[in-house]
Asker: 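Okay, handing you the structure first.
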Number of protein chains: 2
Amino acid sequence: MNQEHISSAFDRDLEAIQALMVKMGGLVEAAILDGSKAVTTRDVELAENVRKGDKVIDDLEERINEEAARTIALRAPVSSDLRVVLSVLKLSASLERIGDYARNLAKRTEVLAELRPVSGPDKALKRMAKEVQRMLKDTLDAYVRRDAALAEDVRQRDEEVDEMYNALFREFLTFMMEDPRNITACMHLHFIAKNVERMGDLVTNMAEQVIYVVTGEMPDDGRPKSDETAFISGET
Amino acid sequence: MNQEHISSAFDRDLEAIQALMVKMGGLVEAAILDGSKAVTTRDVELAENVRKGDKVIDDLEERINEEAARTIALRAPVSSDLRVVLSVLKLSASLERIGDYARNLAKRTEVLAELRPVSGPDKALKRMAKEVQRMLKDTLDAYVRRDAALAEDVRQRDEEVDEMYNALFREFLTFMMEDPRNITACMHLHFIAKNVERMGDLVTNMAEQVIYVVTGEMPDDGRPKSDETAFISGET
């Protein structure tokens, strides 16, 4: 068995694992869109589908973990090959968590359907989720094409998501102060907005992981951070 | 170089990595307690220390990642040895996230110090954080002693944390409806309570990982889940 044979066996293994991850990524993208659609249109049936679909995402992560461990054990990859396999583990762990957040959105659908509608924020929420889904799509494309510039672009776009979230937080405060009957719904909607913002953070971590795979270095922490609501007192 | 020599070199590497993780765990435990103390006593200075300390935690995770990759590359561990190394990666990733949540608590201290005090929930918040810190301590002990029963115990205790969170959520709704001037503070306090509840979930994931290391199998999902506020409409 010569060296060339060993490395092409590794390449085949890696391709199979990457294919699983890309599949997982596609399901998570759909979960983000469906989860946000369910909750903003109060579509209880769609929400139920998202919750069921999360099981499939979790199973895929487990399979990726197993395949990666098997590949490491069998092929004993070193340096950049090992880095790629370990990165796939990190990326799929992030995907799994984004899937959980999408399921969390879906979970709130039923209770929101019972509450007094506060429809103002629905559009902004959907727009935010759509942007996060696009960022995820670009991150996966960047991974497949080993495109560090595209990953860097995603990283910068997280700032927009953070800004959307900050604007929504202020809006929720206003709605609640205007009319206490809005309080419960706004608490749930705030929870949803924060979940979407967290998804954006996770996608950003993934983009940084892609940059690490391509360049061998984690990007400097030059990224403008993040949730400013920690500093919003609402009392000016 | 005989087999015995190889495996004891692996053991030494693993011990060094595990020592780093236990050190990281101790810092994260302290961050949970200090973060919750800072925010409940509005101690801005302590909050600043927690924020600075998070950098040390992040650096430790990076070092563990590097050491683990080096060990895998150098020692090519298989089966249960490989499982242990990969688990350390997962455990330290969870620790890093718990550290981030503790830093998030600390971040809210300043804004809360400026707001109208809503002191009722402070005690419950501190109690919740204390319980999560204890769960983390037991999880790390369970890992070091390879004690699956203790890890299972931690897993069950997460339910109490979830109940504390659910009770707090209801309390916040009441405070806000009673007096709209409480709204902003309660939004921040809810955020804090949710962060502590998430820390509990992460510790629970860690406990499951410990069970996996010891027994080779992930526990069934028999654990009673979790955040019930998704179903609280507040309109009864």
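This is a predicted model, so every value here is computed, not measured. Residue numbering restarts at 1 for every chain, and letters A, B, ... go by the order of the sequence lines.
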Asker: Whether the side chain of B:D54 engages the backbone of B:R103 through a donor-acceptor N/O pair (distance < 3.5 Å, no angle test) should be reported.
Answerer: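 No: the side chain of B:D54 does not pair with the backbone of B:R103.
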Asker: Select, from B:R97, B:R83, B:M218, the one with the greatest count of heavy-atom pairs under 4.5 Å involving chain A.
Answerer: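 Most pairs with chain A among the choices: B:R97.
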Asker: Sorted by first residue and then second, give each salt bridge (Lys or Arg N to Asp or Glu O under 4.0 Å) pair with at least one member in residues 183-193 of chain B; sequence neighbours left out.
Answerer: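 Pairs touching residues 183-193 of chain B that pass the test: none.
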Asker: When only heavy atoms count and the cut-off is under 4.5 Å, which of residues 84-92 of chain A reach chain B?
Answerer: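 Residues A:L86, A:L89, A:K90 are the ones that qualify, each having a heavy atom under 4.5 Å from chain B.
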Asker: Who wins among B:A69, B:C186, B:A93, B:P180 for the most heavy-atom pairs under 4.5 Å with chain A?
Answerer: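 Looking at each option in turn, the highest pair count goes to B:A69.
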Asker: Considering only heavy atoms, which portion of B:A76 lies under 4.5 Å from any heavy atom of chain A: side chain, backbone, both, or neither?
Answerer: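 B:A76 touches chain A through side-chain heavy atoms alone.
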Asker: Is there a donor-acceptor contact under 3.5 Å from the side chain of B:D158 to the main chain of B:T204?
Answerer: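 No, B:D158 side chain to B:T204 backbone: no donor-acceptor pair under 3.5 Å.
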Asker: Indicate yes or no for a side-chain donor-acceptor contact from A:D81 to the backbone of A:P77 under 3.5 Å, with no hydrogens or angles considered.
Answerer: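 Here the side-chain-to-backbone pair does not exist.
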Asker: Tell me, with the steps shown, if A:D13 and A:R75 meet salt bridge (Lys or Arg N to Asp or Glu O under 4.0 Å).
Answerer: CA-CA 9 Å; A:D13 283 359; A:R75 314 293 177 201; 2.7 Å; yes
Asker: Should the ring pair B:F191 and A:H190 be called parallel, tilted or perpendicular, given that the plane angle runs from 0 to 90° and is split at 30 and 60?
Answerer: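 Rings of B:F191 and A:H190: tilted, 30 to 60°.
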Asker: Just do the side chain to side chain donor-acceptor pair (under 3.5 Å) check on B:Y143 and B:Q209 with the steps written out, would you?
Answerer: CA-CA 9 Å; B:Y143 177 80; B:Q209 196 67 36; over 6 Å; no
